[in-house]
There are 4 protein chains.
Amino acid sequence: MAKRDRARSERNILKAARMEFAKSGYAGARVEKIGSRAKVSKGMIYHCFGSKDGLFVAVLEELYQRLNESNGELVINDCEPVEGIQRLTAHTFRYFAENPEFIILVNSENLMKGKHLKKSKTMREMFRPVYDKLDYLLKTGAEQGIFRKDVETTHFYISIVALGYFFLSNRYTLGVVFDSDLFSEDILDQRLQHIQEIVLGYLSNSSDQTSLLPSV
Amino acid sequence: MAKRDRARSERNILKAARMEFAKSGYAGARVEKIGSRAKVSKGMIYHCFGSKDGLFVAVLEELYQRLNESNGELVINDCEPVEGIQRLTAHTFRYFAENPEFIILVNSENLMKGKHLKKSKTMREMFRPVYDKLDYLLKTGAEQGIFRKDVETTHFYISIVALGYFFLSNRYTLGVVFDSDLFSEDILDQRLQHIQEIVLGYLSNSSDQTSLLPSV
Amino acid sequence: MAKRDRARSERNILKAARMEFAKSGYAGARVEKIGSRAKVSKGMIYHCFGSKDGLFVAVLEELYQRLNESNGELVINDCEPVEGIQRLTAHTFRYFAENPEFIILVNSENLMKGKHLKKSKTMREMFRPVYDKLDYLLKTGAEQGIFRKDVETTHFYISIVALGYFFLSNRYTLGVVFDSDLFSEDILDQRLQHIQEIVLGYLSNSSDQTSLLPSV
Amino acid sequence: MAKRDRARSERNILKAARMEFAKSGYAGARVEKIGSRAKVSKGMIYHCFGSKDGLFVAVLEELYQRLNESNGELVINDCEPVEGIQRLTAHTFRYFAENPEFIILVNSENLMKGKHLKKSKTMREMFRPVYDKLDYLLKTGAEQGIFRKDVETTHFYISIVALGYFFLSNRYTLGVVFDSDLFSEDILDQRLQHIQEIVLGYLSNSSDQTSLLPSV
DNA sequence: AATGAATGAGTTTTCATTCAT
DNA sequence: TATGAATGAAAACTCATTCAT
């Protein structure tokens with residue numbers, strides 16, 4: 001039965017916590033429930049993670065870690081720039097769609113002004129690889145004359161994330177405002193298609209033709 | 001003295017509640033604190049709004065109402081399409097930047113699966129005017145040959161919102177991930193500039209040149 | 001029935017807390033029990049006193065206050081010095097004997113390094129009157145040539161307290177060490193008699209005869 | 001390595017427990033912390049001492065044992081009575097000053113109504129030697145005509161202890177009440193000096209002169 | 001023998017809500 | 001009406017003790 005296995009217990013707690021936090025946010029989550037989900041006592045949770053706060057940090061870090069690992073699997077080095085961007089965009093969108101916990105946890109964390117994440121040292125390093133990949137794609141595309149040259153990588157990455165994240169995180173209120181169900185698979189595909197158009201529409205080098213924006 | 005002035009009390013409570021909910025989210029907000037902020041007794045709050053839930057709904061509706069009024073002030077009917085889009089984009093971004101309560105309340109509501117907003121009948125009607133304005137601009141621009149013709153208005157509006165909202169709502173975690181302070185005025189201007197580029201980059205009619213995306 | 005009477009509730013809580021803290025010390029006392037003793041809910045205790053700590057401070061201050069009031073009733077201004085000292089000594093001893101809560105609370109507070117009492121501003125002023133009374137008696141007695149002249153008032157007062165307080169506070173362990181029951185009325189009278197002898201034996205002016213101590 | 005050395009483990013636990021109990025009293029002490037201080041597992045503590053209670057008894061007995069050994073080193077048989085009393089007084093005071101654990105443990109024990117110490121059989125015998133020494137000094141001094149004749153040995157011994165113990169055990173609250181720092185070396189010397197004066201002042205045979213107390 | 005994982009009963013604390021005044 | 005005293009149910013957290021390994 002694998003009792004008295006600390007590592008196993010911690011994994012179970014972490015998983016249960018991820019689910020509970022995702023269902024109810026930080027304030028709404030119940031330590032008791034996490035315990036029963038994980039089939040351990042409340043005491044064990046405090047033994048392993050110190051506090052509800054500590055557990056939240058652990059869950060949050062694990063989710064960022066996973067996002068990162070997931071990003072690591074994304075091979076775009078030897079792609080055509082366009083295909084690379086498309087893959088990155090799709091991959092990002094799908095990660096959020098398939099890991100709704102991530103969004104809720106991150107929103108909760110922002111509600112709390114990022115106080116937990118600030119403590120995490122590793123976060124800053126974690127995003128370098130994906131940032132570098134994107135930066136490389138943008139540079140290559142620009143050299144090939146197919147991408148505009150003035151793209152600010154950070155803002156652009158934030159935009160790729162924003163276009164998917166916001167749609168998913170705000171599905172409930174958007175559903176009311178636009179009186180439609182945004183939870184079908186079709187809608188997700190549609191949304192991704194739209195995002196791809198925006199992302200590539202922005203990148204497309206229209207320097208030869210009259211741009212809509214006055215050059216600054 | 002303003003005693004026995006029910007309307008005045010309600011306004012005070014609403015304002016205090018907006019601040020408290022914005023500071024702490026729904027679950028984190030304290031009825032007690034709202035009372036003391038508004039200088040009324042807790043009993044009064046229950047008298048006027050029935051429950052914490054009821055108060056939250058009232059605050060949320062008021063904020064959407066304001067957004068809508070604010071959108072109403074936006075005159076873009078007789079604009080050039082490009083300028084109209086720019087104004088709408090800037091206006092939307094600035095509303096969020098200047099009303100951080102809105103974002104936190106809406107995030108809280110999404111955390112609760114939109115259960116409060118669903119009850120609101122007026123919401124659906126509220127966004128018609130701004131939707132219609134945007135739709136008109138897109139149509140006009142397309143007729144003038146300067147905008148692409150295949151824009152899905154709803155998704156496009158969601159994107160305009162997303163690019164600003166996400167940046168603002170996730171400033172804390174983004175700040176950690178990119179190790180930078182995202183709370184300066186400069187950064188906001190920069191971000192708006194970037195959003196404008198994306199929005200117009202997407203709209204720009206590049207049908208004559210080779211599009212980056214294969215036509216579907 | 002006097003319900004909804006805040007002051008009354010606070011008094012009841014304070015009394016119940018005094019008893020509970022005295023029975024078990026700070027760490028051993030149970031907020032739950034204080035509530036049921038006082039016939040109020042636990043919530044009410046927190047409403048009135050903020051925390052277990054806050055309640056402890058209130059109880060402690062009240063007890064010092066009472067000691068002080070009790071000292072105030074002690075009229076010794078127009079006494080002969082000897083009688084004044086005897087009265088003060090007896091009064092101090094009896095206060096401790098009749099208010100065993102005081103001793104336990106003060107011991108608990110010392111265990112916690114005085115962290116609660118430190119916050120109390122009034123404490124310092126509180127003891128001035130009794131100190132002044134004692135000082136006056138010592139001075140008068142010295143002028144009359146019946147008391148020694150070199151008495152350090154503070155140390156002397158501490159000694160008067162010590163001789164009674166220690167006996168009472170350590171009755172259990174002393175009882176084991178000396179294999180006797182120290183809880184009878186007789187023993188208390190005997191102890192007080194002994195303390196009086198010590199206190200006055202010390203004060204007695206033996207300057208004309210050979211003192212046991214070399215003059216410094 | 002000292003593995004599997006039961007006696008060594010017990011010594012370590014005892015020392016760690018003494019420190020922990022002294023820092024926080026019985027109720028405030030944590031078995032966990034004692035374990036980590038002693039670098040043994042919690043299980044080991046239960047193995048060696050059965051329970052927290054059992055450990056407390058062991059610590060308490062050890063401390064009384066040490067006090068007794070310390071008293072045993074005190075050679076006063078061939079002293080002048082006055083010097084003998086001075087040595088005993090100073091020795092007692094210094095033991096308490098140098099072993100603050102003793103005071104806190106004994107106070108804790110009194111808070112618990114001496115339930116642990118009662119079980120100890122040896123306690124009663126332990127104090128006979130120092131009692132006998134004191135009794136001998138008092139008798140000799142009385143015979144030499146320098147001490148009063150009516151001294152009750154037990155009460156007198158309790159007083160010698162009280163004058164030092166109380167000052168040390170209540171230093172925190174006394175410090176607040178008299179608004180002064182009672183933790184310096186100077187203050188300790190001053191206090192001991194004062195105690196010596198009281199003790200000898202009381203003993204001094206003033207039968208030739210008018211006593212302050214009416215003979216009973 | 002020795003560890004430390006695991007527990008559960010108990011503790012302080014919180015807070016939306018009710019209701020006597 | 002309006003207040004704020006009072007509650008109770010549930011929350012986070014603690015800790016001596018047990019027991020599988």
field: D/A7 backbone acceptor or donor facing D/D5 side chain under 3.5 Å
entry: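 Indeed, once roles are kept as given, a pair shorter than 3.5 Å links the two residues.
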message: Closer than 3.5 angstrom, by distance alone: can the side chain of C/S36 be matched with the main-chain N or O of C/K33 as a donor-acceptor pair?
response: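 Yes, because the side chain of C/S36 sits within donor-acceptor range (under 3.5 Å) of the backbone of C/K33.
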Return a table of donor-acceptor pairs under 3.5 angstrom between the side chains of residues 104-111 of chain A and protein atoms on other chains or two or more places apart.
from, atom 1, to, atom 2, distance (Å)
A/N107, OD1, A/Y165, OH, 2.8
A/S108, OG, A/Y26, N, 3.4
A/S108, OG, A/I104, O, 3.3
A/E109, OE1, A/H116, ND1, 2.7
A/E109, OE2, A/K115, N, 3.4
A/E109, OE2, A/H116, N, 2.8
A/E109, OE2, A/L117, N, 2.6
A/N110, OD1, B/Y172, N, 3.2
A/N110, OD1, B/T173, N, 3.1
A/N110, OD1, B/T173, OG1, 3.4
A/N110, ND2, A/V106, O, 3.0
A/N110, ND2, B/T173, OG1, 3.0

task: Identify, residue by residue, the members of residues 107-115 of chain C with a heavy atom below 4.0 Å from DNA chain E, and return them in order of residue number, or none.
output: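 DNA chain E contact set from residues 107-115 of chain C: none.
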message: Can you give me the bend angle of the helix from E/dA2-F/dT21 to E/dT21-F/dA2? Use the axis through the first five pairs and the one through the last five, nearest 10 degrees.
response: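 About 0° separates the two local helix axes.
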Going by heavy atoms in the side chains, are [X] and [Y] under 4.5 Å from each other?
| X | Y | answer |
| --- | --- | --- |
| A/F21 | A/L55 | yes |
| A/H47 | A/R6 | yes |
| C/I45 | C/I34 | yes |

What heavy-atom pair brings [X] and [Y] nearest, and what distance separates the two atoms?
| X | Y | value |
| --- | --- | --- |
| D/A58 | D/L14 | CB-CD1, 3.8 Å |
| B/E32 | B/K42 | OE1-NZ, 3.2 Å |
| C/K118 | C/K113 | NZ-O, 3.5 Å |
| B/A29 | B/K52 | O-NZ, 3.0 Å |

query: Measuring from B/K15:NZ to B/R37:CZ, what's the distance to the nearest 0.5 Å?
result: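 Those atoms lie 10.5 Å apart.
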task: Quick one: pull up CZ in B/R11 and CD1 in B/I13 and give me the separation to the nearest 0.5 Å.
output: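 So the CZ of B/R11 and the CD1 of B/I13 are separated by 11.5 Å.
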Specify the separation, in whole Å, of atom [atom1] of [X] and atom [atom2] of [N].
| X | N | atom1 | atom2 | value |
| --- | --- | --- | --- | --- |
| C/D5 | F/dG4 | CG | P | 15 Å |
| A/K33 | F/dA10 | NZ | P | 12 Å |
| A/I34 | F/dA11 | CD1 | P | 12 Å |
| C/R6 | E/dC19 | CZ | P | 20 Å |
| C/D53 | E/dT13 | CG | C1' | 13 Å |

message: Any residue in residues 9-25 of chain C with a heavy atom nearer than 4.0 angstrom to DNA chain F? Just list them by number, or reply none.
response: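 Hits under 4.0 Å, by residue number: C/S9.
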message: Contact list please: residues 40-47 of chain D against DNA chain F, heavy atoms, distance less than 4.0 Å, in numerical order.
response: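 By residue number: D/K42, D/Y46.
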Side chains of residues 59-67 of chain B: which donor-acceptor pairs under 3.5 Å do they make with residues two or more places apart or in other chains?
from, atom 1, to, atom 2, distance (Å)
B/E61, OE2, B/S120, OG, 2.7
B/E62, OE1, B/R18, NH1, 3.1

- prompt: So what does D/A29 touch, heavy atoms closer than 4.0 Å: a base, only the sugar-phosphate, or nothing?
  reply: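 Here D/A29 touches the backbone only, sparing every base.
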message: Classify D/A27 by what it touches in the nucleic acid, base, sugar-phosphate, or nothing, heavy-atom distance under 4.0 Å.
response: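 Touches nothing.
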message: Quick check on DNA chain F: between C/C48 and B/K39, whose nearest nucleotide comes earlier from the 5' end?
response: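 Going by which nucleotide is closer to the 5' end, it is B/K39.
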message: Go nucleotide by nucleotide along DNA chain F from the 5' end; which of A/V31 and B/E32 gets its closest nucleotide reached first?
response: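 This one resolves to B/E32.
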query: OP1 or OP2 of F/dA10 less than 4.0 angstrom from a side-chain nitrogen or oxygen of A/R30, does that happen here?
result: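 Negative; the distance criterion is not met.
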message: Is there a side-chain contact between C/R4 and the phosphate of E/dT21, meaning an N or O under 4.0 Å from OP1 or OP2?
response: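 So the side chain of C/R4 is outside the cut-off, no N or O lying under 4.0 Å from OP1 or OP2 of E/dT21.
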task: Considering only NZ, NE, NH1 and NH2 on the basic side and carboxylate oxygens on the acidic side, decide whether B/R30 and B/E20 come within less than 4.0 Å.
output: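 Looking at B/R30 and B/E20, the cut-off is not met.
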- prompt: B/K52 has a side chain; which of E/dC15, E/dT12, E/dT17 sits nearest to it?
  reply: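 It is E/dT17.
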